Student: 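This is the structure I want to talk about, given as structure tokens.
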Amino acid sequence: MQAFKSFPKIIIIKMDIATVNELPYEDFVNIFGNVVEKCPIITAAVWSRRPFGSLNALEAEISEFIDALPESGKEGILRCHPDLAGRDLQSGTLTRESREEQARAGMDALSSEEASRMARLNEEYKERFGFPFVICARMNDKANILRQLTERCRSERQVERARGVEEVKKICRVRLQALVLSDAPNKL
Ligand code: 2AL
């Protein structure tokens, strides 16, 4: 185990992979249940694939599980994601992970003009594709998110489904990196 300071007064403990491998099922699901937003069933399924050789191996198991789902399952995962700067943010009902990600990307501090543009584009995207726009907020700033949302509104359904799933995997990686020690230097 290694402790480090993330924010003033908050100590986050990262586990090494050996500790992860020893976790009983309930603890594993409690700790990793939201690495894919509101999809603890993925975590539950992946637990039986341990031991994991590394953080990368754990991530690869999750990716493989997602890739094996039918397209309807992949869309289901996308639908579990809250809109960026959407109703859940306004009403304080985001998951802790999502709240931190959205705040880091400035989604909680949009001008009223930016907020209405975001809301309009999010609705347009959902109407066109039937699932929400998903992007890894930690890897993008506000300007980039708005630009990509605008561009991706004009895309094709299959392209967006695949793109959204790749973004889910990036979000998952960032969330895993916050919990598990990596062998490689952490670039985030
Ligand atoms: C999110 C979210 O909640 N966190 C993140 O990185 N992206 N949602 C979204 N619709 O892209």
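These figures come from a predicted structure and were not determined experimentally.
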Student: In terms of side-chain heavy atoms, does R173 have a donor or acceptor partner in N56 at a distance below 3.5 Å?
Tutor: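 There is such a pair (donor and acceptor under 3.5 Å, judged by atom type) between the side chains of R173 and N56.
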
Student: What pairs meet the salt bridge (charged side-chain N to carboxylate O under 4.0 Å, His left out) rule with one or both residues in residues 26-41, with sequence neighbours excluded?
Tutor: E37-R175

Student: Just to verify, what does R147 make a side-chain contact (heavy atoms from CB on, under 4.5 Å) with, not counting sequence neighbours?
Tutor: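 Partners of R147 by the side-chain contact (heavy atoms from CB on, under 4.5 Å) criterion, ordered by chain and then number, come out as N144, E151.
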
Student: Parallel, tilted or perpendicular, judged at 30° and 60°: which one describes the rings of F32 and F28?
Tutor: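 Tilted, since the angle between the ring planes falls between 30° and 60°.
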
Student: Looking only at side chains, do R128 and S155 share a donor and an acceptor under 3.5 Å apart?
Tutor: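 No pair is found: no donor N or O on one side chain lies under 3.5 Å from an acceptor on the other.
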
Student: Applying salt bridge (Lys or Arg N to Asp or Glu O under 4.0 Å), name anything that partners R96, two or more places apart in sequence or on another chain.
Tutor: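 R96: salt bridge (Lys or Arg N to Asp or Glu O under 4.0 Å) contacts with E100.
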
Student: Under a 4.5 Å side-chain heavy-atom rule over Ile, Leu, Val, Met, Phe, Trp and Tyr, are I135 and V159 clustered together?
Tutor: no

Student: Would a distance-only check, ignoring hydrogens and angles, find a side-chain to backbone donor-acceptor pair under 3.5 Å from T150 to L146?
Tutor: yes

Student: For residues 81-90, which residue pairs qualify under salt bridge (charged side-chain N to carboxylate O under 4.0 Å, His left out), counting only residues two or more places apart or in two chains?
Tutor: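 Qualifying pairs: D83-K126.
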
Student: Any donor and acceptor pair, going by atom type alone, linking the side chain of Q177 with main-chain N or O of S182 inside 3.5 Å?
Tutor: no

Student: Looking only at side-chain N and O atoms, does Q148 offer a donor or acceptor that is under 3.5 Å from a partner on R163?
Tutor: yes

Student: So do L121 and F133 actually touch side chain to side chain, heavy atoms under 4.5 Å?
Tutor: no

Student: Hey, does K14 have a side-chain heavy atom less than 4.5 Å from the side chain of V180?
Tutor: no

Student: Apply side-chain contact (heavy atoms from CB on, under 4.5 Å) to S111 and list each qualifying residue two or more places apart in sequence or on a separate chain.
Tutor: E113, E114

Student: Would you call E167 and K170 a salt bridge, using N to O less than 4.0 angstrom?
Tutor: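 Looking at K170 together with E167, the answer is yes, because their closest N to O distance falls below 4.0 Å.
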
Student: Is the count of non-hydrogen atoms from other residues, nucleotides or ligands lying under 6.0 Å from E71 atom CD greater than 12?
Tutor: yes

Student: For residues 44-53, please give each side-chain donor-acceptor pair under 3.5 Å, one per line with the distance, not counting sequence neighbours.
Tutor:
from: W47; atom 1: NE1; to: L23; atom 2: O; distance (Å): 3.1
from: S48; atom 1: OG; to: A45; atom 2: O; distance (Å): 2.9
from: R49; atom 1: NH1; to: E61; atom 2: OE1; distance (Å): 3.0
from: R50; atom 1: NH1; to: W47; atom 2: O; distance (Å): 3.2

Student: With salt bridge (Lys or Arg N to Asp or Glu O under 4.0 Å) as the test, would you mind laying out the steps for R161 and E166 before giving the verdict?
Tutor: CA-CA 9 Å; R161 192 198 291 124; E166 288 315 305; over 6 Å; no

Student: Between I41 and L78, is there shared hydrophobic-cluster membership here, with clusters defined by ILVMFWY side-chain heavy atoms closer than 4.5 Å?
Tutor: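 Yes; tracing contacts between hydrophobic side chains, which count when under 4.5 Å, links both residues.
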
Student: Could you tell me whether D67 and K169 have a side-chain N and a carboxylate O separated by less than 4.0 Å?
Tutor: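 Result for this pair is yes, salt bridge flagged.
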
